[in-house]
Protein chains: 2
Amino acid sequence: MTMDFSRDKPIYSQLVDRICGDILKGKLELGDRLPSVREYAVETGVNVNTVQRVYKELEAMNITETKRGQGTFITSNEERIELLREEMKNQLAENFLTSIEALGFSKEEMLVVLKNKA
Amino acid sequence: MTMDFSRDKPIYSQLVDRICGDILKGKLELGDRLPSVREYAVETGVNVNTVQRVYKELEAMNITETKRGQGTFITSNEERIELLREEMKNQLAENFLTSIEALGFSKEEMLVVLKNKA
DNA sequence: CATAGTGTAATATGTGACTAGTACACTATG
DNA sequence: CATAGTGTACTAGTCACATATTACACTATG
């Protein structure tokens, strides 16, 4: 595959985002097994250690569970995923509002722009 | 002063944002002279080179003009500033929409969250 | 129990972004 | 022309990130 990564953010971080997105979008389902670190490394054209870091982060976020010798699985805890969804939504919104304020735009002004886009 | 900086973004970049914000907010006016690199370095508790990089970025964006031996001044070109305002507004909006999509949220869903915040 | 497939750990290396220290070049001012 | 105040250039150090390599620990499967 050899994915293309943006250069303004660590690869491991982009992969975490991607997997989270896939979970929230339903592309990955609760209890699903992720590819092995070695598989995923080849798929994405990245080093095994980088994938390991990705899986480590995901586990620290409690959205995956790792079983040695078996693989890494998405948690079956639906509440956790729902919580994740809310957390990320909130974080996104707050970051946005912070940026808006820092640059001196008003919320209303930005809402108009957003509505008129895509 | 010794400003406090977030650790997830380069200092110079945060300073650029800050100055752009101050301009857009009207805290800094067209033609104003910015502090000298050394002054600003002391004010913010940062190295001179970091400030220099900030001023360099600003100049590359055509929002300041630098005169050796005299100082760095905010452009008097009002059109440029207006353009900057539109650019940043657009960029902000687009980045936001990209993130939303990547995580599988809908625009409408996020607009609701935004309206109910701050 | 052998084997192949999991995740994990440790170490070394290269690279680029960021920051810092120091010295230089230009300009205004007296 | 001396001086102090500008911006600028050069060099070096630090750190996070990614990679490469190797070895280890656990589990399923035959």
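Sequence lines set the chain letters: A, B, ... in the order given, protein chains first and strands last, and positions in each chain run from 1.
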Any protein N or O atoms within reach of nucleotides 12-18 of chain C? Criterion: under 3.5 Å, listing atom names and distances.
unit_1: dC18(C); atom_1: OP2; unit_2: Tyr12(B); atom_2: OH; d: 3.4
unit_1: dC18(C); atom_1: OP2; unit_2: Arg53(B); atom_2: NH1; d: 3.4

Discussion item. So Met61(B) and Val16(B), do their side chains get closer than 4.5 Å, heavy atoms only?
Written reply: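 Side chain of Val16(B) against side chain of Met61(B), heavy atoms only: contact under 4.5 Å found.
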Item to complete: Check whether any side-chain heavy atom of Ile19(A) sits under 4.5 Å from a side-chain heavy atom of Leu58(A), and report yes or no.
Response: yes
Worksheet item: dT6(D), dG7(D), dT27(C): which one has an atom nearest the side-chain heavy atoms of Thr72(B)?
Response: dG7(D)
Round to a whole Å and report the spacing from [atom1] of [X] to [atom2] of [N].
X	N	atom1	atom2	result
Leu15(A)	dC17(D)	CG	C1'	13 Å
Tyr40(B)	dT19(C)	OH	P	13 Å
Phe73(B)	dA28(C)	CZ	P	10 Å
Gln70(B)	dT8(D)	CD	C1'	15 Å
Asn47(A)	dA20(D)	CG	P	5 Å
Glu57(A)	dA16(D)	CD	P	14 Å
Glu59(B)	dT6(D)	CD	P	17 Å

Worksheet, complete the sentence: Taken in chain and number order and not counting sequence neighbours, the residues that satisfy salt bridge (Lys or Arg N to Asp or Glu O under 4.0 Å) with Lys115(A) are none
Practice prompt. Using the test salt bridge (Lys or Arg N to Asp or Glu O under 4.0 Å), find all partners of Lys117(B) that sit at least two apart in sequence or belong to another chain.
Written response: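 So Lys117(B) forms a salt bridge (Lys or Arg N to Asp or Glu O under 4.0 Å) with Glu94(A).
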Worksheet item: Want to know the stems of DNA chain D: at least 3 consecutive Watson-Crick or G-U pairs with distances under 3.5 Å, which are they?
Response: C:1-30 with D:1-30
Discussion item. According to ring pair (Phe, Tyr, Trp, His ring centres under 6.0 Å), does anything in residues 17-63 of chain A pair up with another residue at least two apart or in another chain? List the pairs.
Written reply: none
Worksheet entry | Inter- and intrachain pairs under ring pair (Phe, Tyr, Trp, His ring centres under 6.0 Å), touching residues 89-118 of chain B, at least two apart |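 Counting only pairs at least two positions apart or across chains, the ring pair (Phe, Tyr, Trp, His ring centres under 6.0 Å) contacts touching residues 89-118 of chain B are Phe96(A)-Phe96(B).
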Practice prompt. Look at the side-chain N and O atoms of Ser36(B) and state whether any lies under 4.0 Å from the OP1 or OP2 oxygen of dG5(D).
Written response: no
Got a list of side-chain donor-acceptor pairs under 3.5 Å for residues 23-34 of chain B, not counting sequence neighbours?
unit_1: Asp32(B); atom_1: OD2; unit_2: Glu29(B); atom_2: N; d: 2.9
unit_1: Arg33(B); atom_1: NE; unit_2: Gln70(B); atom_2: O; d: 3.2

Discussion item. Go nucleotide by nucleotide along DNA chain D from the 5' end; which of Lys67(B) and Val46(A) gets its closest nucleotide reached first?
Written reply: Lys67(B)
Fill in: 5'-most by nearest nucleotide on DNA chain D - Gln14(A) or Leu34(B)
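Residue closer to the 5' terminus by nearest nucleotide: Leu34(B).
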Table of protein N/O atoms under 3.5 Å from nucleotides 9-15 of chain D N/O atoms:
unit_1: dA9(D); atom_1: N6; unit_2: Asn49(B); atom_2: OD1; d: 3.0

Worksheet, complete the sentence: Sequence neighbours excluded, the answer for side-chain contact (heavy atoms from CB on, under 4.5 Å) partners of Glu59(A) is Thr64(A), Thr66(A)
Worksheet, complete the sentence: With sequence neighbours left out, the residues meeting side-chain hydrogen bond (donor to acceptor under 3.5 Å, both in side chains) with Asp8(B) are Ser6(B)
Worksheet item: Residues in side-chain hydrogen bond (donor to acceptor under 3.5 Å, both in side chains) with Asn49(A), at least two apart?
Response: Asn47(A)
Discussion item. Between dG5(C) and Arg38(A), counting only base atoms on the nucleotide and side-chain atoms on the residue, is there a donor-acceptor pair under 3.5 Å?
Written reply: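 Not at all, since no donor on one side and acceptor on the other fall under 3.5 Å apart.
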Can I get a per-line list of side-chain donor-acceptor pairs under 3.5 Å for residues 81-89 of chain A, giving both atom names and the distance, sequence neighbours left out?
unit_1: Lys89(A); atom_1: NZ; unit_2: Glu109(B); atom_2: OE2; d: 3.0

